[in-house]
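As the structure is a prediction and not an experimental result, all values here were calculated from the model.
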Amino acid sequence: MSGPRASQRPNSRADAAARGHGAHLAGPLRRWKTACPGRPQAVGPAGLVHPLQVAEVKALACQLPAGTGAPLSRWSCPELAREVVAQSIAGSISHSTVRRWLKQDALKPWQYQSWISVRNPAFRPKAARVLGLYARTFDDVPLGDDEYVISADERTSIQARCRCHPTLAPGKARGMRVNHEYDRGGALAYLAAYDVHRARVFGRCEPRTGIRPLMNVVTQVMTTKPYASSRRVFWIVDNGSSHRGTKAMNRLTVAFPNAVMVHTPVHASWTNQVEIFFSIVQRKVVSPNDFTDLSEVRDRLRAFEDRYNATAQPFQWRSTTSDLDDLLTRLDRHTLDRQEESSARLTA
């Protein structure tokens with residue numbers, strides 16, 4: 001068959017690729033077929049390539065390598081070019097041609113992102129309670145002036161790495177130079193409690209994490225003004241072993257009746273504002289980690305707390321319960337799409 005009708009011929013390999021890998025490929029592949037003219041296109045040394053071959057290469061890039069039997073975790077352009085030839089999609093093709101075709105649709109199969117699904121049925125109410133506290137409400141009731149919100153957590157295993165050669169200060173057209181080799185000087189745990197609305201940090205260093213170190217930092221906060229005489233102090237914590245479950249809540253209340261422990265959902269550290277402070281500590285205090293011993297680590301952490309508290313402003317937290325609902329809706333839609341894709345693959 002030749003002439004204009006050639007573009008209307010079914011391409012079993014391209015259609016099979018679309019059927020085998022879900023409806024999310026069938027749509028793009030159909031659009032690629034429609035958009036491509038019926039005549040071949042010259043692509044350099046590889047010769048003439050039919051537009052449907054371009055669509056097949058893009059469809060292949062949208063598959064996991066394991067689905068084709070390739071012993072790879074993800075595609076690269078050279079590996080895709082090799083697979084294209086192995087599947088007889090084209091007689092020969094260069095990896096630069098593959099890259100150019102993928103770039104047309106912003107396909108980058110060599111990149112990946114990690115994600116985690118919501119498994120806790122109480123995720124929404126737990127997260128909403130935390131977000132409400134950041135907006136100064138608790139169970140939809142506004143907080144009073146004598147009620148405070150503390151975000152607390154632990155930063156485990158901050159090491160003292162003594163470099164084998166002195167660190168060189170930055171100079172003209174040269175960054176700081178840190179020797180790769182080091183001697184280990186031990187490790188400590190750094191616990192911090194962050195007043196969300198007053199931007200004040202209370203930290204302490206401990207040999208390790210646990211119930212007693214956590215209660216030490218709680219006592220450090222709850223025995224100072226204005227928390228000691230306040231009506232309520234809400235402690236937002238994650239689900240770590242030292243402050244998990246009802247026992248931890250009761251232990252806190254027994255020690256300080258005006259303290260209320262509020263847990264974030266499981267796998268939702270992003271809802272705990274103290275994690276932002278820990279990221280600041282990592283960037284400004286710990287990295288690139290050149291300490292002679294643990295006493296230097298402690299001294300620098302304490303000095304940084306004073307420096308931070310002198311000028312800190314509350315974090316501009318913008319995530320609301322409406323944003324939370326939008327996020328959960330997107331996650332539900334993603335899960336549904338994956339289920340539909342799996343069903344389509346099984347019926348293909």
Side-chain angles (χ1 to χ4, degrees), residues 126-138 143-158 188-206 209-240 242-244 248-249 252 255-256 258-265 267-287 297-298 300-320:
K126 285 187 173 182
R129 175 172 286 189
V130 173
L131 298 181
L133 286 172
Y134 293 157
R136 293 200 60 79
T137 64
F138 182 67
L143 299 185
D145 293 338
D146 59 345
E147 294 179 302
Y148 301 90
V149 179
I150 301 292
S151 174
D153 202 4
E154 309 147 335
R155 173 75 161 78
T156 60
S157 190
I158 297 181
L188 54 76
Y190 180 57
L191 294 85
Y194 174 75
D195 189 322
V196 170
H197 301 113
R198 299 172 71 233
R200 182 171 178 80
V201 173
F202 300 84
R204 66 183 296 117
C205 297
E206 296 280 356
T209 61
I211 295 176
R212 181 172 296 177
L214 175 69
M215 293 307 296
N216 288 341
V217 75
V218 170
T219 302
Q220 180 180 339
V221 175
M222 297 300 294
T223 54
T224 60
K225 294 182 179 181
Y227 312 101
S229 58
S230 64
R231 179 170 175 262
R232 284 187 299 186
V233 179
F234 296 94
W235 283 79
I236 298 175
V237 296
D238 60 18
N239 295 271
S242 61
H243 41 74
R244 179 189 303 156
M249 299 173 67
L252 179 65
F256 301 98
N258 62 334
V260 180
M261 183 173 288
V262 178
H263 287 98
T264 65
H267 302 314
S269 294
W270 60 271
T271 60
N272 201 346
Q273 285 198 25
V274 75
E275 299 295 345
I276 304 176
F277 174 73
F278 281 147
S279 70
I280 296 173
V281 169
Q282 180 65 34
R283 293 194 308 270
K284 295 188 175 184
V285 182
V286 179
S287 296
V297 178
R298 295 188 189 95
R300 187 178 298 181
L301 287 169
R302 293 193 187 103
F304 180 76
E305 287 174 22
D306 296 336
R307 182 186 181 91
Y308 182 87
N309 288 332
T311 59
Q313 297 292 326
F315 298 130
Q316 296 182 5
W317 187 267
R318 295 188 176 92
S319 182
T320 65

Minimum heavy-atom separation for Met222 to Ala259, with atom names?
-> CE-CB, 4.1 Å
Would you say Arg155 and Val281 make side-chain contact, with heavy atoms under 4.5 Å?
-> no
Going by distance alone, is a donor N or O of one side chain under 3.5 Å from an acceptor N or O of the other, for Ser230 and Glu147?
-> no
Taking side chain as C-beta onward, heavy atoms only, is Tyr194 less than 4.5 Å from Ile276?
-> no
Check whether any side-chain heavy atom of Phe234 lies under 4.5 Å from a side-chain heavy atom of Val196, and answer yes or no.
-> no
Take the angle between the ring planes of Trp270 and Trp317 and call it parallel below 30°, perpendicular above 60°, tilted in between.
-> parallel
Sub-3.5 Å donor-acceptor pair from the side chain of His243 to the main-chain atoms of His263, do we have one?
-> no
Do side-chain atoms of Thr137 reach the backbone of Gly132 as a donor and acceptor pair under 3.5 angstrom?
-> yes
How many angstroms lie between atom CG of Asn216 and atom CD1 of Ile211, to the nearest 0.5 angstrom?
-> 12.0 Å
Yes or no on side chain to side chain contact (heavy atoms under 4.5 Å, CB included) for Tyr148 and Arg200, after CA distance, side-chain angles and deciding distance?
-> CA-CA 12 Å; Tyr148 301 90; Arg200 182 171 178 80; over 6 Å; no
Quick check: does any side chain N or O of Asn258 sit under 3.5 Å from a backbone N or O of Val233, one acting as donor and the other as acceptor?
-> no
For the pair Tyr227 and Phe202, name the ring-plane relationship: parallel under 30°, tilted 30 to 60°, perpendicular over 60°.
-> perpendicular
Does atom CZ of Arg136 have more than 12 heavy-atom neighbours from other groups under 6.0 Å away?
-> yes
Quick one: OH on Tyr190 to OG1 on Thr209, what's the gap to the nearest 0.5 Å?
-> 15.5 Å
OG1/Thr156 to CG/Leu188 distance, rounded to the nearest 0.5 angstrom?
-> 10.5 Å
For Ala152 and Asn272 the tightest heavy-atom approach is O-ND2, 3.4 Å
Where is the tightest heavy-atom contact between Pro226 and Arg198, given as atom of each residue plus distance?
-> CD-NH1, 3.8 Å
Shortest non-hydrogen separation from Arg300 to Val285 and the atoms involved | NH1-O, 3.4 Å
Can you tell me if Tyr134 uses its side chain to pair, donor with acceptor, with the backbone of Gln273 under 3.5 Å?
-> yes
On a heavy-atom basis, the closest approach of Ala199 and Pro314 is CB-N, 3.4 Å
Is the closest side-chain heavy-atom distance between Leu143 and Val149 below 4.5 Å?
-> yes
Neighbour count above 12 (heavy atom, 6.0 Å) for Asp145 CG | no
Partner of Thr264 by side chain to side chain contact (heavy atoms under 4.5 Å, CB included), out of Ile236, Asp153, Val237 = Ile236
Heavy-atom side-chain proximity of Val297 to Cys205 below 4.5 angstrom | no
Once you round to the nearest 0.5 Å, how far does CH2 of Trp235 lie from CG of Leu214?
-> 7.5 Å
For Arg283, look at atom CZ and say whether over 12 heavy atoms of other residues, nucleotides or ligands are found less than 6.0 Å away.
-> yes
Taking the side chain from Asp238 and the backbone from Thr271, do they hold a donor-acceptor pair closer than 3.5 Å?
-> no
Quick one: does Ser287's side chain have a donor or acceptor within less than 3.5 Å of a partner on Gln282's backbone?
-> yes
Heavy-atom pair of closest approach, residues Lys126 and Pro265 | CB-CG, 3.7 Å
Under the criterion side chain to side chain contact (heavy atoms under 4.5 Å, CB included), which of Thr224, Val218, Val217, Thr223 is the partner of Gln220?
-> Val217
In Å, rounded to the nearest 0.5 Å, how long is the span from CG of Leu131 to CZ of Arg318?
-> 14.5 Å
